[in-house]
Amino acid sequence: MGTFMRQYWLPACLSSEVTADGDPVRLMILCEKLIAFRDSSGRVGIMDHRCPHRCASLFIGRNEENGIRCVYHGWKFDVDGKCVDMPSVPARMDFKEKVHAKAYKTYEANGLIWVYMGENQAAPPPLPEIEATMHPEAEIWCLQRDCNWLQALEGDIDTSHVGFLHVGGIEADDLEPDHPMRPTVLNRAPEYEVAQSDWGVMYGGYRPNDDGQMSWRIAHYMFPFWTQTPNNRFVSRAIARAWVPMDDEHSMLFDITCGVDAGNPAYNSTLKDGTPLFDQISYAPNTTDWFGRWRSTDSEANDWAIDRESQRNGHQFTGIPNITMQDQAVTESMGPITDHSFENLAPTDQMIARVRRRVLLAARAFANKGTVPPGIENPDVFYKARAGSFLHDPNDTLAGAYQAALAKAVRWPVNEIEAAE
């Protein structure tokens, strides 16, 4: 699976995490210990943290004059890994043109730095055309989760948990009539349609609304580790969430949203009386160790800040006040890698089952037959995915409801380009 994922561009870090001639940043991606730095010209380098001379870590190196210089013997490397200075070697013995640090291709756009870790560094594929990542004013936040990437991702494609984990303690009358979570509170046991797609797998969780329409919550799995979740309003907001494997037992979430409304209602909406539906996430200060970035102050060490009194008597079904920590708690509580043989999947888990199978088959086809992974040669397929909630004709199918919602959606950048023309 790691080799499979290396065929794709991967989110590595935020643009704001590296500054010109600033401190290098440790990154752990696909079990590799890397450093990221921005040189004097603003270019970003991502490379193996070991100096190819004697393997001292370049994290403690000097970021200066368009390169990272090892403090052990002064060898210096540019963002492409080329050795540009070998001051500890006599000039007549210099062989810097033969030495390269293991460096990866990078790309920076819209506040996000991408890395391509595949073997063919000379000809990386195009970037995936994921709508939310294409917006210059996209909102991006990160969070580290202490469990396997697929385990973390599966929480995003499981809509039946929302009526309990997130809104199990509130009633429909607590929410405004147009709140996207109100149909979930009215009916906590959705039915599903699941369909394979060019970009991965999509599902629609549907349930009757009290106005006679059908409430749809449509979401996607996109190769290799992306999701689009359904808590936002479909027509006005785009979302993409990457669950980048750091190693087998740690994942980094990149949550990216854009749109024309005030933000994702799952995180910042209120009850009808103005009470915030959820608390905001609290971050611990970043540290410089391999797992020191974007950690919450709450974790297994403090039971994810669970308040048992609130669980018994308050509006939080879990007793955990932050929506992200609610997801964090249940997925981390399974252990760093879940033993799936212990599970008993239900009909409402069909999206989970279909995604697991789709991922396995694609990875095996690549490993055994050399089949090109989905979306590598046709990155525009990802743009066809849009997630969210909406109301629709109760007699329509998933395909019909999805196409009707797409026709009304405000999208980036197509709508803006068409308007300008």
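FYI, side chains are in, hydrogens and waters are out, and symmetry mates aren't considered; it's all heavy atoms of this structure. Small disclaimer: the values here were computed from a predicted structure and weren't measured.
- Side-chain atoms of Arg182 never come within 3.5 Å of backbone atoms of Asp178 as a donor-acceptor pair (strictly under, hydrogens ignored).
- Of the possible polar contacts, one joining the Ser296 side chain to the Asp298 backbone as a donor-acceptor pair under 3.5 Å is found.
- Side-chain atoms of Gln326 and Trp304 form no donor-acceptor pair, as typed in the model, at a separation below 3.5 Å.
- Atoms CH2 and CG, on Trp290 and Leu34 in that order, are 7.0 Å from each other to the nearest 0.5 Å.
- In the model, Gln151 has a side-chain atom that pairs as donor or acceptor with a side-chain atom of Thr338 under 3.5 Å.
- For the atom pair CZ of Phe382 and CH2 of Trp226, the computed distance is 9.5 Å after rounding to the nearest 0.5 Å.
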Original post:
Stepwise, does the side chain to side chain donor-acceptor pair (under 3.5 Å) test hold for Trp141 with Asp255?
Top reply: CA-CA 5 Å; Trp141 56 270; Asp255 182 288; 3.2 Å; yes

Original post:
Can Glu119 and Lys105 be said to form a salt bridge (Lys or Arg N to Asp or Glu O under 4.0 Å), step by step?
Top reply: CA-CA 11 Å; Glu119 291 185 1; Lys105 289 286 187 183; over 6 Å; no

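- Nearest approach of Gly42 to Glu108, heavy atoms of both residues: O-OE1, 4.4 Å.
- Donor-acceptor pairing under 3.5 Å is recorded for the side chains of Thr257 and Arg237.
- Here the side chain of Gln311 pairs a donor or acceptor atom with the backbone of Thr318 at under 3.5 angstrom.
- A cation-pi arrangement is present between Arg411 and Tyr383 under the rule of less than 6.0 angstrom and at most 45 degrees off the ring axis.
- In this structure a side-chain-to-backbone donor-acceptor pair under 3.5 Å is present from Lys76 to Glu64.
- Between Trp114 and Thr106, the side chains place no donor N or O within less than 3.5 Å of an acceptor N or O (distance only, hydrogens not considered).
- Between the side chains of Asp327 and His166, at least one donor-acceptor pair of N or O atoms lies under 3.5 Å.
- You'll find the side chain of His135 stays beyond 4.5 Å of the side chain of Thr133, heavy atoms only.
- The two residues Asp248 and Ile337 come nearest to each other via the heavy atoms O-CG1, 3.9 Å.
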**OP:** Please lay out, stage by stage, how Trp294 and Leu14 fare under the test side-chain contact (heavy atoms from CB on, under 4.5 Å).
**Re:** CA-CA 11 Å; Trp294 305 114; Leu14 303 185; 3.7 Å; yes

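- Note that the CG atom of Asp156 and the CH2 atom of Trp243 stand 5.5 Å from one another [nearest 0.5 Å].
- The residues Asp94 and Lys96 are annotated as salt-bridged, a charged nitrogen and a carboxylate oxygen being separated by less than 4.0 angstrom.
- Residues Phe225 and Leu10 are in side-chain contact: their nearest non-hydrogen atoms beyond the backbone lie under 4.5 Å apart.
- Side-chain atoms of His179 and Glu176 form no donor-acceptor pair, as typed in the model, at a separation below 3.5 Å.
- When each of Gln228, His220, Glu129 is checked for a side chain to side chain donor-acceptor pair (under 3.5 Å) with Trp199, only His220 meets the rule.
- In this structure, the side chain of Arg69 engages the main chain of Gly74 through a donor-acceptor pair within 3.5 Å.
- Summarising the local packing, CD of Glu309 is surrounded by more than 12 heavy atoms from other residues, nucleotides or ligands at distances under 6.0 Å.
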Original post:
Step by step, would you call His250 with Phe291 a ring-ring contact (aromatic ring centres under 6.0 Å, His included)?
Top reply: CA-CA 8 Å; His250 300 82; Phe291 300 99; 4.1 Å; yes

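- Scanning both residues, Ala132 and Ala240, for their nearest heavy atoms gives CB-N, 3.9 Å.
- Test Arg145, Glu32, Met252 against Met246 for side-chain contact (heavy atoms from CB on, under 4.5 Å) and you get one pass: Met252.
- Nearest approach of Leu58 to Cys70, heavy atoms of both residues: CD2-CB, 3.7 Å.
- In this structure, CG on Leu165 lies 8.0 Å from CD1 on Ile323, to the nearest 0.5 angstrom.
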